[in-house]
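Convention: sequence-line order gives letters A, B, ...; per-chain numbering from 1.
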There are 2 protein chains.
Amino acid sequence: MFSIGQLSTRTGVKVPTIRYYEEIGLLPAPERTGGNQRRYGVEGLQRLGFVKHARDLGFSIEAITKLLELQDHPDCTCAEAGDLAQAQLLAVQSKIARLNRLQAELQRLVAGCHGDGTTGECYVMASLADHDLCLDEH
Amino acid sequence: MFSIGQLSTRTGVKVPTIRYYEEIGLLPAPERTGGNQRRYGVEGLQRLGFVKHARDLGFSIEAITKLLELQDHPDCTCAEAGDLAQAQLLAVQSKIARLNRLQAELQRLVAGCHGDGTTGECYVMASLADHDLCLDEH
DNA sequence: CCTTGAACCTCTAGTCACTAGAGGTCGTAT
DNA sequence: ATACGACCTCTAGTGACTAGAGGTTCAAGG
């Protein structure tokens with residue numbers, strides 16, 4: 001049996017976050033001691049590990065809820081899990097593309113600034129004020 | 001003079017968001033008509049354009065507040081603006097690195113799923129449940 | 001057995017950057 | 001004069017937590 005603190009150190013999920021997950025129904029309410037403290041079994045640890053891992057991969061709580069439902073009904077087809085992962089992959093890829101564009105502009109912006117003038121003639125400020133100075137859309 | 005709606009269509013910032021920016025002090029309170037409606041001049045339009053552009057580049061409201069202060073005192077050195085842009089660039093780059101790692105794992109995850117089994121034997125589910133199946137840390 | 005102190009409990013409120021909705025007023029075109 | 005869209009304020013909600021107050025329980029050392 002694990003206390004909530006032990007679960008926290010083992011999974012890397014903070015204690016208030018674990019309680020929050022329970023509150024929103026992502027984790028089932030565990031047993032309690034006579035003094036009303038949470039005690040988790042191995043299955044609680046595993047479920048939280050699953051949640052943590054999926055969160056690290058950027059899955060939303062909503063998506064994780066669906067994944068957990070699939071996990072609880074292991075005879076359902078796995079296509080849906082694949083779809084969720086696929087959607088997550090596309091979201092990640094579009095974020096990367098967008099960030100790459102931002103990176104390019106920020107690099108241009110930083111390169112143009114020598115830190116030796118006043119903001120009145122600063123390329124960073126001018127570029128932020130005037131979108132037309134950007135090379136591409138964002 | 002522009003109404004809040006005209007400002008919205010010209011900058012692409014939604015009307016409630018403009019009011020929100022005013023509320024938190026990012027935009028100065030504009031003039032009002034006799035009937036209490038906001039009327040903006042060109043400088044209001046420009047300031048909102050600046051904010052929009054910086055937000056699109058991922059600057060936090062806090063950072064934008066600083067940038068606007070710098071803009072309002074154009075005789076200060078621009079080094080600080082450069083620092084903010086530099087910090088933003090580093091943040092973007094680390095996000096990109098992280099997302100690239102996630103992308104790799106998600107691709108592996110999606111590739112391993114053929115959508116023809118049950119979740120009991122699904123690679124997606126197994127991989128999410130067991131972090132040890134990951135190739136690298138995240 | 002007793003005490004100490006860290007870990008636990010609940011509850012409320014705050015974070016960021018908005019977004020949604022209710023219920024009412026204003027401006028402008030016909 | 002009358003529509004009707006755009007505007008106003010205010011409150012509350014979003015996601016995914018985080019922080020703090022104020023109180024209780026557990027486990028280890030004496």
Taking any heavy-atom pair under 4.0 Å as a contact, classify B:Ile4: base, sugar-phosphate, or nothing. sugar-phosphate
Does B:Gln6 or A:Tyr20 map to a spot on DNA chain D nearer the 5' end, using the closest nucleotide for each? B:Gln6
Please report, rounded to the nearest Å, how far the P atom of D:dC17 is from the CG atom of A:Leu48. 11 Å
For B:Gln37, which residues count as a side chain to side chain donor-acceptor pair (under 3.5 Å) partner, sequence neighbours excluded? B:Arg39
Does OP1 or OP2 of D:dC17 have a side-chain N or O of A:Tyr21 closer than 4.0 Å? yes
Among C:dC18, C:dC9, D:dC17, the nucleotide that comes nearest once only the side chain of A:Arg55 is considered: D:dC17
To the nearest 0.5 Å, atom CD1 of A:Ile18 lies from atom CD1 of A:Ile4 at 5.0 Å
Please give me every residue in residues 9-16 of chain B whose heavy atoms get under 4.0 Å of an atom in DNA chain D, ordered by residue number. none
d(CZ, B:Phe59; P, C:dC18) in whole Å: 15 Å
Rounded to whole angstrom units, what separation is found between the CG atom of B:Asp56 and the P atom of C:dA17? 14 Å
Test side chain to side chain contact (heavy atoms under 4.5 Å, CB included) on A:Val13 and A:Leu7 and set out the steps. CA-CA 8 Å; A:Val13 179; A:Leu7 223 67; over 6 Å; no
Shared hydrophobic cluster, A:Val42 / A:Leu27 (ILVMFWY, side-chain heavy atoms < 4.5 Å): no
Between protein and nucleotides 11-13 of chain D, what N or O pairs are separated by less than 3.5 Å?
none

Show which side-chain atoms of residues 57-65 of chain A pair as donor or acceptor with protein atoms under 3.5 Å away, not counting sequence neighbours.
from: A:Ser60; atom 1: OG; to: A:Glu62; atom 2: N; distance (Å): 3.4
from: A:Ser60; atom 1: OG; to: A:Ala63; atom 2: N; distance (Å): 3.1
from: A:Thr65; atom 1: OG1; to: A:Ile61; atom 2: O; distance (Å): 2.8

Side-chain atoms of B:Ser60 come closest, of C:dC9, D:dC7, C:dA17, to C:dA17
List for me each residue that meets salt bridge (charged side-chain N to carboxylate O under 4.0 Å, His left out) alongside A:Arg47, sequence neighbours excluded, and say none if there are none. A:Asp72
Below 4.0 angstrom from OP1 or OP2 of D:dA16, is there any side-chain N or O of A:Thr17? no
Please pick, from D:dC8, D:dA16, C:dC8, the nucleotide with the shortest atom-to-atom distance to any side-chain atom of B:Arg32. D:dC8
Would you please name every residue forming a side-chain contact (heavy atoms from CB on, under 4.5 Å) with A:Glu31, sequence neighbours left out? A:Met1
Report the residues that fulfil side-chain contact (heavy atoms from CB on, under 4.5 Å) with A:Glu22, sequence neighbours left out, ordered by chain and then residue number. A:Ala29, A:Pro30, A:Arg32, A:Arg38, A:Tyr40
What protein N or O atoms touch nucleotides 23-27 of chain C N or O atoms at under 3.5 angstrom, if any, and at what distances?
from: C:dG27; atom 1: OP1; to: B:Thr33; atom 2: OG1; distance (Å): 3.0
from: C:dG27; atom 1: OP1; to: B:Gly35; atom 2: N; distance (Å): 3.4

According to side-chain contact (heavy atoms from CB on, under 4.5 Å), who are the partners of B:Gln93, at least two apart in sequence or on a separate chain? A:Gln103, A:Gln107, B:Leu89, B:Leu90
Check whether any side-chain N or O of A:Ser3 sits under 4.0 Å from OP1 or OP2 of C:dC8, and answer yes or no. yes
What is the distance, to the nearest angstrom, from the CD atom on A:Glu22 to the P atom on C:dC9? 9 Å
Residue pairs fulfilling side-chain hydrogen bond (donor to acceptor under 3.5 Å, both in side chains) with at least one residue in residues 2-21 of chain B, sequence neighbours excluded: none
Measuring only between side-chain heavy atoms, which start at C-beta, is A:Leu68 closer than 4.5 Å to A:Val51? yes
CE of B:Met1 versus P of D:dA6: gap in Å, rounded? 21 Å
Answer with base, sugar-phosphate or nothing: what part of the nucleic acid does B:Arg19 contact at a heavy-atom distance below 4.0 Å? base
Protein-nucleotide distance (A:Ile18, atom CD1; C:dA7, atom P), rounded to Å: 14 Å
Can a side chain N or O of B:Arg38 be found less than 4.0 Å away from OP1 or OP2 on D:dC8? yes
Interatomic distance, NZ@B:Lys66 vs CD@B:Glu69, rounded to 0.5 Å, equals 9.0 Å
